[in-house]
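Here the structure is laid out as structure tokens; the discussion comes afterwards.
These numbers come from the heavy atoms of this one structure, side chains and all, not from hydrogens, waters or symmetry mates. Protein chains get the first letters and strands the later ones, always in sequence-line order, with residue 1 at the start of each.
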Amino acid sequence: MDVNSEEKIKENRYDFRTVEPFWQEEWEKSGLYLVDEDSKRPKYYVLEMFPYPSGNLHMGHVRNYSIGDVLARFKRMNGYNVLHPMGWDSFGLPAENAAIKHGVHPDDWTRDNMTNMRGQLKSLGISYDWQREVATCLPDYYKWTQWLFLQFFKNGLAYKKQAAVNWCPSCATVLANEQVIEGQCERCESSVLKKDLEQWFFKITDYAQRLLDDLADLPGWPDKVKTMQENWIGRSEGMQINFTGAGGEELPVFTTRQDTVFGVTYLVLAPEHPAVKRLVAGTAYERDVDKFVAKVQKLSAIDRMADTLEKEGIPLGANAVNPLTGEDVPIWITNYVLMDYGTGAVMGVPGHDQRDFDFATKYGLNIRQVIAPSADYDPAAPLTAAYTEEGIMINSPGFDGLPSAKGREEISDYIEKKGLGKRVINYRLRDWLISRQRYWGAPIPIIYCPVCGVVPVPDEDLPVLLPKDVEFLPSGVSPLNTSKTFAQVQCPKCHREARREMDTMDTFMCSSWYFLRYCDPQNNKEAFAKDKVSYWMAVDQYIGGVEHAILHLMYARFFTKALYDMDLLPLKEPFANLLTQGMVLKDGSKMSKSKGNVISPEEIINRFGSDTARLFILFAAPPERDLEWNDAAVEGCYRFLNRVWRLLSDIKTQIGANSQEASAKNKLNSTDSAERNHQQFSTQHSALNTGLQSSPDKDARRAVHSMVKKVGEDIGARFNFNTAISAIMETVNTLYLYRDKSARPDQAILAEAAEKLILVLAPFAPHLAEQLWHDYGNEGSVHLQPWPGYDPLALVMDNVEIVVQTNGKIRSRLQVAANLSREELGQVIQTHPCLPDWTEGKEIVKLVAIPGKLVNIVVR
RNA sequence: GCGGACAUGGUGGAAUGGCAGACACGUUGGUCUUAGGAGCCAAUGGGCAACCGUCCGGGUUCAAGUCCCGGUGUCCGCACCA
């Protein structure tokens, strides 16, 4: 390749290697994306889930932030005061694991990663207000995480209790319920064990009903996510019925099928049920029962939940009294009853519950039918499986003949009247276990005093700094124990020698309020000022992966509600609208190092530039859908940007003389709202429109204006960025044809087209658009311009093609005037010379005319 | 088992109930070129054709990829929840 041709190619191309870094620097220098509270403009808070600083950006990040950036830029151009921040979810296990593996301190490792990823983010040119950057691992952030913990504590929402908790043996720490996936650790996939430990919990269960009810106030959330939260909260209405065991042992059970209480033939307890020991103490059953309990407890969570696990049980040799019938039924324990749901005791109704049926069949327990499928059903026929549907009550003295649903109500009333139990609502949701026996997290700001007991760290002593002199090899004991200085502290109340809490907080605590800190990131007096939060919150559009549907999104909702109750926040829901983006796949599966199918964003940016990377990722699929990475298609996007570049460069040369006029026009627009801008364009160009004689001119202009309309709607109302981009591509194609094929392309139309193209491209390809904007002689950033308007008159067509169908089959196409009414269009068909051909001599039954679209002649 | 989403060319994907396959990738042919991994032009659901085509089977409608009923398949979430 000689020098000349190299230069020639360079000349005709979008030189992203120069253009992109240049504008990134300019934008940063001019503080283009910095925002403040501004009551004159409506606010818009667009937020992407902040990343864990793992070391490198991956394509999922690029997708997430590209979606957010299009919205941020679009809203900005539409006159909104846009808050678009970025930060780091920077506490967590990977830092410790890296420290163990490579001998670096988690703090250094994390900071290096943040530096590296910040650089990568900046090379993407996302419009963040970097002055609002937060990192959860920095003392000026976690000080407030600790402060918030204390607010929860002081309001009775944080408590410590001994409980059987999830223990990951490999991470050597406890896990929240939500972090156990199919019995395995969410992080390392080790089998999770149950361990009896004293741990800190947040009372999220107090908010179960509100978390459930308020989902109805979130129309801007995907149903999928709301359903997942609904299932996770798992509300079920039922009844607690008080059975009584031998020796007066109270054995309440929880059931949702009170109508089957006459069918109870045994009672089952969870092996861990506290009554078990008492009931068998000193009996012949004691040894076998102990053995059985030990066997069940040894099973890991995953084994205990496995489908294949056989239902096993053992009798306790004791009976319980059914309070309704006065009948004695045997008490068993079994591996299929859970201690931590309901009361840990279940009534065995083998006639109407399949598990009970299997169990009773296996151990020869009685099966009694109390619900018949219909009134004429023969109850004498033996059941071959449990009948679990609704039906008619039988063998239930006093309630026979009632439909089961009605029977449920009457039995509930009866039980409550007699004081034998009560209606209760059970939730599957458990309290949130927030303490961790790991190093890289915010220390829990609690002091244990031998005299005063559990004492919160006073506000003025915050933050409780994470010590650096710590051995963080997982040992099962909190690593903070290994610090020489950390534990020792004076009791804030009595000043006696006391000890600090050694556990750190779950990192989900840190991420449950970061969106509030962005509103007021530098405040060193409070976590956030109420007026700033009132101005910016709620987040208008939240964007992130669906993998956070339960954990993060539920905790953040819980925090918001709790802070609302403490009068720290003016709102009950943090995220008004939620967009869950799909994954980025390669060869059909998620990109991962172990599969070796990772495409690094850095590499793509180096080869094609960030505008190309962003354009591809937005064009390849709608945002909620999974996206298959395709190298060739990326190149296609790169070619498109060059096509735009060449077209607009050429037009610029052609209309060079007019460029001053164009720039004057833009100065005029630059301070207007989109609405005014819209009207302005209409009046400005209606003269242009009516002056057009030939149809290629009109067509070109229509293409441009309908593109503006469609792109605005696709971004603003539908989040269909892929179709917005395709509309721009179509218009570019049309303009190439117009310029090359029409006899005398109109300069004014080309100038207008160029300007609008640059403006609609700005959210998608911000660097290219900015460069072109300035090449056209405009002042100021393209990203501060009002979103272009369109001229409704330009969209009007003189003629349209309509389709002629008979019985739904296409016969012909006709050019007709676009403004024909339904009747006129019918007339045209009725009198058309081809009518006999279309109807083939058959009788016309009906004629359906849809103006502007089609005519369907129904014949027989 | 329960709940949810989805199913359209070789591929990614378009279609307020109104011309299925926009836009793009890929492929093929042409053109320019010392060269082409650049650019431009053309073709591209299947079938020689009439026609047939949106997972399968019914239905509603003048008209169904789209709405309704019943299946199948794929993916996701929860899962011994009483």
- Note on the structure: Closest to the 5' end of RNA chain B, once A:Val848 and A:Gly636 are matched to their nearest nucleotides, is A:Gly636
- Comparing nearest nucleotides in RNA chain B, the 5'-proximal residue of the pair A:Tyr736, A:Ala632 is A:Ala632
Assign [X] to base, sugar-phosphate, or nothing according to its heavy-atom contacts below 4.0 angstrom with the strands shown.
X        : result
A:Pro622 : sugar-phosphate
A:Asn733 : sugar-phosphate
A:Glu230 : nothing

- Query: Is the base of B:C80 touched by the side chain of A:Lys311 through a donor-acceptor pair closer than 3.5 angstrom?
  - Reply: yes
- Is a donor-acceptor pair below 3.5 Å formed from side chain A:Asn231 to base B:C78, judging by atom type as modelled? no
Give a yes/no on whether any side-chain N or O of [X] is located under 4.0 angstrom from OP1 or OP2 of [N].
X        : N     : result
A:Lys224 : B:A5  : no
A:Arg639 : B:A24 : no
A:Arg643 : B:A38 : no
A:Tyr341 : B:A82 : yes
A:Arg718 : B:U16 : no
A:Asn720 : B:G13 : no
A:Arg625 : B:A14 : yes
A:Asn722 : B:A14 : yes
A:Arg355 : B:C81 : yes

Once you apply the 3.5 Å cut-off to both distances, tell me the Watson-Crick or G-U wobble partner of [N], or none.
N     : value
B:G1  : B:C78
B:G39 : B:U31
B:U44 : B:G26
B:A7  : B:U72
B:G53 : none
B:G18 : B:C62

- Query: Applying the side-chain contact (heavy atoms from CB on, under 4.5 Å) test to A:Gln229, which of A:Leu215, A:Leu218, A:Leu211, A:Leu429 qualifies?
  - Reply: A:Leu215
- Query: Looking at A:Phe262, is A:Arg368 sitting on its ring face, NZ or CZ under 6.0 Å from the six-membered ring centre and within 45 degrees of the normal?
  - Reply: no
- Message: Looking at A:Trp232, I'd like to know if the NZ or CZ of A:Arg428 sits under 6.0 Å from its six-membered ring centre while staying within 45 degrees of the ring's axis.
- Response: yes
- Kindly indicate, with the supporting measurements, whether the criterion salt bridge (charged side-chain N to carboxylate O under 4.0 Å, His left out) is fulfilled by A:Lys224 and A:Glu624. CA-CA 11 Å; A:Lys224 180 187 180 176; A:Glu624 314 81 22; over 6 Å; no
Nearest whole Å is fine: how far is [N] [atom2] from [X] [atom1]?
X        : N     : atom1 : atom2 : answer
A:Met583 : B:G12 : CE    : P     : 15 Å
A:Glu628 : B:C6  : CD    : P     : 20 Å
A:Asp714 : B:A22 : CG    : P     : 17 Å
A:Met707 : B:C23 : CE    : P     : 16 Å
A:Ile810 : B:G21 : CD1   : C1'   : 14 Å
A:Arg428 : B:A82 : CZ    : C1'   : 14 Å
A:Leu551 : B:G77 : CG    : P     : 12 Å
A:Phe619 : B:C25 : CZ    : C1'   : 9 Å

- Message: Under the criterion salt bridge (charged side-chain N to carboxylate O under 4.0 Å, His left out), I'd like the reasoning laid out for A:Glu312 against A:Lys295: C-alpha separation, chi angles, the key distance, then a yes or no.
- Response: CA-CA 11 Å; A:Glu312 287 186 323; A:Lys295 184 180 144 194; 3.0 Å; yes
- Could you walk me through whether A:Gln805 and A:Val848 pass side chain to side chain contact (heavy atoms under 4.5 Å, CB included), step by step? CA-CA 10 Å; A:Gln805 300 178 329; A:Val848 183; over 6 Å; no
- Message: Using atom P in both nucleotides, what's the gap between B:G77 and B:G37 to the nearest angstrom?
- Response: 44 Å
- Assert yes or no for the condition that the ring centre distance of A:Tyr266 to A:Phe359 is strictly below 6.0 Å. yes
